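Below: one structure, written as structure tokens.
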Amino acid sequence: MSSDRAPAPPGININVPHSARVYDYWLGGKDNFAVDRAVGEAMMQAIPGMRYMAGENRKFVHRVARDLVEREGIHQFLDVGTGIPTRPNLHEVAQQIRPDARVVYVDNDPIVLVHARALMLSHPEGRSEYISADLRDPASIVTDRALLDTLDLTKPVGLTLIAILMLLADEDDPWSKVAELRDALPSGSCLAITHPTADFNPAEVDAAVAAATGAGMTLVTRAEEQVCAFFGDWELLEPGLVPVSAWRPDDPNVDPEAAYYWAGIARKP
């Protein structure tokens, strides 16, 4: 649906930008509206490498899925803040290695709900489900019947929070929301996070945040120690909390600070 000529799904205000649709625009998708493109362009004026940064986040997701399956033996995932699907999706990467891998996707954007059927095209041996829920209400996620029917919460889970915590203001206390999700998972589970930061280029990032907030979006960047706090007492896996492009890169020649995101994975003791 590219969108300005197609009717918007119920619940979507095409006059207000949405982070998932802006991200879709950066990735070359068609599920966005004029207001999303305007904000996306304004943020790219501030950060010329914004499309590259969005791509680096997607590559991180692929490496996370691969490494958690191959190195940690995890074959079930909870992806909160899924966004508009971009292939290969997390379950597709995981199921290439473990056909029986299971994934539950979570988002609260009606456009993602429209694409939920595509997200649920799982390998026959595995399973992929989508639930409509909000990170601000973690209990509604971990008690959802579709999640409990898909994932075995007595066995390790890979929890992914990719470029989503930036949408929660400090007054929403995102650290307690993440802690509630962590507490619901068993020993051996892993948490993967990416989060935008002004640590690498404050001027560009501040200008991009101003463009987003000026259009009515919530966009919060956080410093290294604030991002690290989301992992609680879980053990950070090597190489620790690093720029997203530097987390076990397939191409070691990339500039590690060209994408302004912190990234890391931690394991529950």
Side-chain angles (χ1 to χ4, degrees), residues 56-82 89-106 126-128 135 138-139 141-143 147-148 150-166 168 173-197 222-250 252 256 259 261-269:
E56 288 301 292
N57 261 293
R58 292 305 305 168
K59 291 177 184 177
F60 175 76
V61 172
H62 301 160
R63 299 195 300 274
V64 166
R66 180 192 67 202
D67 280 26
L68 290 191
V69 173
E70 291 182 341
R71 299 191 186 190
E72 301 297 322
I74 290 175
H75 53 92
Q76 51 179 6
F77 293 83
L78 174 59
D79 180 50
V80 181
T82 297
N89 294 309
L90 189 155
H91 74 278
E92 293 170 321
V93 176
Q95 289 177 353
Q96 284 179 351
I97 308 166
R98 281 282 305 246
D100 62 342
R102 295 182 165 219
V103 178
V104 171
Y105 294 102
V106 182
R127 187 169 173 183
S128 176
L135 177 56
I141 297 174
V142 298
T143 60
L147 181 146
L148 296 175
T150 305
L151 305 183
D152 181 352
L153 296 186
T154 68
K155 298 179 179 178
V157 174
L159 170 62
T160 57
L161 299 171
I162 307 301
I164 180 65
L165 295 168
M166 64 186 185
L168 274 64
D173 192 9
W175 294 275
S176 70
K177 311 303 184 189
V178 176
E180 193 168 342
L181 291 176
R182 293 198 318 265
D183 289 347
L185 303 181
S187 175
S189 294
C190 288
L191 167 60
I193 290 174
T194 69
H195 199 301
T197 183
R222 293 187 168 98
E224 180 180 9
E225 62 273 15
Q226 293 175 301
V227 179
C228 196
F230 285 116
F231 295 104
D233 62 354
W234 291 23
E235 175 192 4
L236 277 166
L237 304 183
E238 290 295 331
L241 187 65
V242 296
V244 64
S245 302
W247 196 91
R248 300 181 184 177
D250 293 321
Y261 281 81
W262 288 114
I265 298 183
R267 184 195 302 114
K268 186 169 187 175

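Keep in mind it's a predicted model, so treat the numbers as computed, not measured.
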(message) Using side-chain heavy atoms (C-beta onward) and a distance below 4.5 Å, is Leu237 in contact with Asp67?
(response) no
(message) Using the side-chain contact (heavy atoms from CB on, under 4.5 Å) definition, which of the options Val69, Asp152, Leu153 pairs with Gln76?
(response) Asp152
(request) Please report the shortest heavy-atom distance between Ala192 and Ile162, naming the atom on each side. (result) O-CD1, 4.2 Å
(message) I'd like to check Val103 versus Asn89 (side-chain heavy atoms, cut-off strictly below 4.5 Å). Are they in contact?
(response) no
(request) With rounding to the nearest 0.5 Å, note down the distance linking CG in Leu161 to CE in Met166. (result) 12.0 Å
(request) Kindly give the heavy-atom pair with the smallest separation between Phe77 and Ala65, and that separation in Å. (result) CZ-O, 4.1 Å
(request) Compare every heavy atom of Gln95 with every heavy atom of Gly126, then report the nearest pair and how far apart it is. (result) CA-NE2, 3.9 Å
(request) Determine yes or no for a side-chain-to-main-chain donor-acceptor pair under 3.5 angstrom, with Trp175 supplying the side chain and Gln226 the backbone. (result) yes
(message) So Leu236 and Cys228, do their side chains get closer than 4.5 Å, heavy atoms only?
(response) yes
(request) Work out which heavy atom in Phe60 is nearest to a heavy atom in Ala263; give both atom names and the distance. (result) CE1-CB, 3.8 Å
(message) Any non-hydrogen side-chain atom of Leu181 less than 4.5 Å from a side-chain atom of Leu191?
(response) no
(message) Classify the ring geometry of His195 against Phe230: parallel below 30°, tilted from 30° to 60°, perpendicular beyond 60°.
(response) parallel
(message) Using a 3.5 Å distance criterion without hydrogens, assess whether the side chain of Ser189 forms a donor-acceptor pair with backbone atoms of Gly158.
(response) no
(request) Locate the shortest heavy-atom distance separating Pro156 from Pro186; write the atom from each residue and the value. (result) N-CG, 3.9 Å
(message) To the nearest 0.5 Å, what is the distance between CD1 on Ile164 and NZ on Lys177?
(response) 13.5 Å
(request) Could you point out which residue of Arg63, Lys59, His62 forms a side-chain contact (heavy atoms from CB on, under 4.5 Å) with Asp250? (result) Arg63
(request) Would you give the length of the straight line joining atom CD1 of Ile141 to atom CD of Glu180, rounded to the nearest 0.5 angstrom? (result) 9.0 Å
(message) Looking at every heavy atom in both Asp233 and Pro269, which two are closest together, and how far apart are they?
(response) O-CG, 4.0 Å
(message) Show, in sequence, the C-alpha distance, side-chain angles and deciding distance for Thr160 and Leu68, and conclude whether the side chain to side chain contact (heavy atoms under 4.5 Å, CB included) test is met.
(response) CA-CA 11 Å; Thr160 57; Leu68 290 191; 5.5 Å; no
(message) Please identify which of these residues, Arg71, Glu72, Glu70, meets the side-chain contact (heavy atoms from CB on, under 4.5 Å) condition with Ile74.
(response) Glu72
(request) Please examine the side chains of Val64 and Val93, heavy atoms only from C-beta on, and report whether any two atoms are closer than 4.5 Å. (result) no
(request) Could you tell me whether a side-chain N or O of Thr194 sits under 3.5 Å from a main-chain N or O of Ala163, the two making a donor and an acceptor? (result) yes
(request) Verify, without hydrogens or angle tests, whether Thr197 (side chain) and Tyr261 (backbone) share a donor-acceptor contact under 3.5 angstrom. (result) no
(request) Drop me the distance from Arg267's CZ to Phe231's CZ, to the nearest 0.5 angstrom. (result) 13.0 Å
(request) Determine the sole option in Thr82, Val80, Leu78 for which the side-chain contact (heavy atoms from CB on, under 4.5 Å) test with Tyr105 is passed. (result) Thr82
(message) Just verifying a value: how many Å separate Arg66 CZ and Gln96 CD, rounded to the nearest 0.5 Å?
(response) 11.0 Å
(request) To the nearest 0.5 Å, tell me how far Arg222 CZ sits from Ile193 CD1. (result) 10.5 Å
(request) With sequence neighbours excluded, tell me which residues meet salt bridge (charged side-chain N to carboxylate O under 4.0 Å, His left out) with Arg182. (result) none
